[in-house]
Amino acid sequence: MKTLLTHIFKIAMQSAFGAAQADYEPMIQSATRSEYGDYQANFAMRLAKILQKKPMEIAQTVIDHLSHRETFRLLDPSGPGFINITLSDEFLAQQLQKLIGDDRLGVEKAHKPETIVVEYSSPNVAKEMHVGHLRTTIIGDAFARIFDFLGHKVIRQSHIGDWGTQFGMIIEYLLETNQANIKHSISELNLLYKKSKQRFDEDPAFADKARARVVALQGGDKATLAIWQNLVNESENYFATVYEKLNVLLKHDDIRGESFYNDTLANITNDLEKRHIAEISDGALVIFLEGFVDPDNKPVPMIIRKKDGGYLYATTDLAAAKYRIETLKGNRIIYITDARQKQHFAMLFAAVDKAGWMTATAKLEHVPYGAVLGEDNRPFKTRSGETISLISLLDEAEERAATLATAKNPELSKDQIKTIAKAIGVGALKYADLRADKVKDYVFSWDKMLSFDGNTAPYLQNAYVRTRSIFRTGKIDLNSLKTEKIIIAEPVEHLLAVKLLEFSDIVPSIAHDLGLHRLCEYLYDVAATFHKFYEHCPILSAPDQASRNSRLLLCDITARTLKLGLSLLGIEVVEQM
Ligand code: ARG
């Protein structure tokens with residue numbers, strides 16, 4: 001819709017003022033309040049400056065030159081220089097008509113498909129995923145779904161922590177306690193990590209052995225590698241069960257952990273040293289980057305090789321960025337991590353640039369997100385103060401949703417409750433996260449996220465169920481409606497039509513600015529507007545057959561908008577509850 005209005009206004013601006021050098025950008029926006037109209041054009045003040053005329057005069061001149069008058073019901077220039085635009089009911093009906101057989105609901109595929117690398121989730125081997133991994137996993141997955149829907153080539157990457165000195169410790173502990181050949185559950189692995197750390201801290205002899213084990217691991221010692229591989233496999237199986245529960249797309253092939261880059265680190269660091277991108281400082285190899293200084297204005301180096309020759313988190317990230325640019329040929333390379341890593345990524349990107357690896361077609365983007373807080377506004381923890389495991393969170397979400405669903409509809413079978421509980425529970429968890437502006441911290445509240453009122457997943461899922469139940473109650477065959485006409489007559493039908501037609505603007509704009517909370521906000525508006533429509537406009541008992549058919553079609557487009565919109569966020573709907 002915005003594209004269309006922009007086009008119509010541009011033509012009017014050109015015919016009003018000639019193809020001048022001025023940049024004719026109509027600046028079309030959704031109306032801030034529906035009393036003012038459906039959209040507004042905000043160009044008049046800017047153009048007035050350029051053309052040295054009064055804004056209102058500019059606005060009126062453009063209105064006089066607008067073609068496609070049947071598109072508008074009202075064009076109202078208002079001070080200090082906006083045009084309030086109300087679309088005509090006929091035009092809205094005509095546009096909606098196009099959505100009837102359209103699975104994409106008007107969303108066009110990208111004209112220039114890009115290769116987009118989305119790095120997300122990235123948990124650590126031999127450690128349980130915790131609430132901190134929730135946000136990266138959910139946000140990244142939604143990005144991947146949206147890019148994919150828009151026709152981009154999406155490469156998912158989970159940069160798991162599967163390498164490093166802690167593995168020396170764990171492997172040594174496994175050998176010491178004769179557990180190297182047995183299978184471990186993730187909670188056992190988690191415990192293992194703690195116990196081996198304890199041994200490491202307590203016993204210098206053990207610590208020495210653990211260090212030697214790291215050397216063996218990095219040197220490719222077969223027996224050591226085999227134990228390590230076991231740990232990786234066990235952890236990956238566990239990640240897969242989490243992703244399955246969470247309805248997340250990440251698959252085995254999307255995992256490219258830190259170990260993958262290990263063999264390239266020596267070459268990369270040597271090359272940077274040779275080209276004087278990096279230099280030796282206190283025995284370590286470091287990169288100094290412009291603009292990165294500590295509070296005393298002393299340059300903060302990015303260390304890429306320790307004094308003892310060991311590599312670091314940053315070294316692996318350099319190698320991964322290079323790989324994503326050169327081998328994966330990413331046009332956009334997106335990292336989703338918590339905001340505490342902001343500085344790390346800022347330095348990483350500067351270093352990649354300094355190394356000369358950037359290309360004209362590649363862009364690195366860090367998407368930081370805030371913390372999950374408990375209702376006491378402190379980091380979200382269990383009552384005893386421990387970090388909350390992701391699995392326990394997911395189980396609790398499903399349990400709570402099952403209780404709600406059973407109370408709402410006691411007639412449902414056990415299997416139905418199970419399906420509904422998964423959709424609602426996981427949906428609520430995801431939506432509460434996604435609707436928060438991701439940069440900010442957000443407060444975790446079961447009661448709020450699972451409420452059927454307010455801006456929540458259950459509210460949206462319920463709106464969807466309502467649309468479906470109309471079709472069930474009326475025994476309506478959707479196919480028989482496909483040739484019927486949409487008629488927009490009532491004010492609330494007008495509002496719903498405008499909302500539904502906005503979908504095709506919203507989705508691409510989110511791929512652009514990554515503001516997932518705007519998609520949530522939009523879907524909430526759709527559901528709320530639908531409820532108003534439902535209250536004001538009888539559907540199955542509409543006054544005549546034509547408006548009954550039209551309203552059923554509006555229901556169907558609403559249903560598909562909610563379903564598709566939620567699916568782009570990784571949230572499922574159910575047909576009844
Ligand atoms: N494995 C890390 C963690 O669990 C996150 C990795 C983030 N990605 C990266 N490219 N550094 O905290």
Side-chain angles (χ1 to χ4, degrees), residues 116-141 143-144 155-167 170 186 189-190 193-194 197 228 231-232 235-236 238-239 242-243 246 248 250 254-262 264-265 268 287 302-304 311-328 330 332-353 355 357 362-372 379-380 387-391 393 438 514:
I116 308 183
V117 179
V118 188
E119 187 215 284
Y120 65 105
S121 198
S122 309
N124 300 314
V125 162
K127 272 197 193 165
E128 201 156 359
M129 288 176 76
H130 53 79
V131 59
H133 291 113
L134 185 66
R135 301 205 74 185
T136 166
T137 308
I138 294 176
I139 295 170
D141 208 55
F143 287 159
I155 304 180
R156 299 180 187 82
Q157 296 280 278
S158 181
H159 189 80
I160 61 169
D162 61 355
W163 204 245
T165 47
Q166 72 272 29
F167 289 99
I170 299 175
I186 190 68
L189 288 179
N190 221 24
Y193 178 81
K194 284 186 195 145
K197 176 86 172 73
W228 169 81
L231 291 171
V232 174
S235 302
E236 285 192 13
Y238 154 75
F239 300 152
V242 174
Y243 296 151
L246 201 51
V248 154
L250 281 170
D254 303 323
I255 296 183
R256 193 169 270 123
E258 295 179 16
S259 64
F260 175 82
Y261 305 100
N262 185 54
T264 64
L265 303 183
I268 287 178
I287 307 179
M302 177 173 172
I303 306 174
I304 60 171
Y311 301 112
L312 308 94
Y313 184 64
T315 327
T316 308
D317 257 328
L318 270 178
K322 187 171 192 285
Y323 179 79
R324 290 168 189 179
I325 298 169
E326 291 176 4
T327 308
L328 298 182
R332 288 176 81 176
I333 299 160
I334 301 176
Y335 298 77
I336 300 123
T337 80
D338 92 58
R340 284 171 301 183
Q341 298 202 45
K342 236 174 162 163
Q343 162 101 348
H344 166 72
F345 283 104
M347 292 183 84
L348 175 69
F349 296 172
V352 169
D353 198 33
W357 299 332
K363 193 168 141 219
L364 298 165
E365 295 168 65
H366 180 222
V367 179
Y369 55 83
V372 183
F380 191 39
T387 44
I388 297 175
S389 85
L390 206 47
I391 285 276
L393 213 56
K438 58 194 166 324
L514 305 179

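Just follow the structure's listing: the first ligand is 1, and inside any ligand the first atom is 1. Computed from a predicted structure; not experimentally measured.
The distance criterion of under 3.5 Å between nitrogen or oxygen atoms is met by E119 with respect to ligand 1. Taking distance alone, with nitrogen or oxygen atoms compared against 3.5 Å, S122 approaches ligand 1 more closely than that limit.
Below 4.0 Å from some heavy atom of D317 lie the following atoms of ligand 1, by number and element: 9 (C), 10 (N), 11 (N). Atoms of ligand 1 found under 4.0 Å from any heavy atom of F345, numbered from 1 in the order shown, are 9 (C), 10 (N), 11 (N). Close approach of ligand 1 to H133 (heavy-atom distance below 4.0 Å) involves ligand atoms 4 (O). Of all atoms in ligand 1, numbered sequentially from 1 with element shown, those under 4.0 Å from a heavy atom of Y313 are 5 (C), 6 (C), 7 (C), 8 (N), 9 (C), 11 (N). Remark: ligand 1 atoms within the under-4.0 Å shell around heavy atoms of N124 are 1 (N), 2 (C), 3 (C), 4 (O).
Residues S121 and Y243 have side chains that bring a donor and an acceptor to within less than 3.5 angstrom of each other.
For Y311 and Y261, the gap between ring centers reaches or exceeds 6.0 Å. In this structure, Y313 has its ring center closer than 6.0 angstrom to the ring center of H344. Between Y120 and F143, the distance from one ring center to the other does not fall under 6.0 angstrom.
Residue contacts with ligand 1: E258 is excluded, as none of its non-hydrogen atoms falls under 4.0 Å.
A donor-acceptor pair is defined here as one N or O able to donate and one able to accept, closer than 3.5 Å; no such pair exists between the side chain of S158 and the backbone of D254. Of the possible polar contacts, one joining the W228 side chain to the D162 backbone as a donor-acceptor pair under 3.5 Å is found.
In Y120, neither the side chain nor the backbone holds a heavy atom less than 4.0 Å from any atom of ligand 1.
In this structure, the side-chain contact (heavy atoms from CB on, under 4.5 Å) partners of A351, at least two apart in sequence or on a different chain, are I287, L289, M302, L318.
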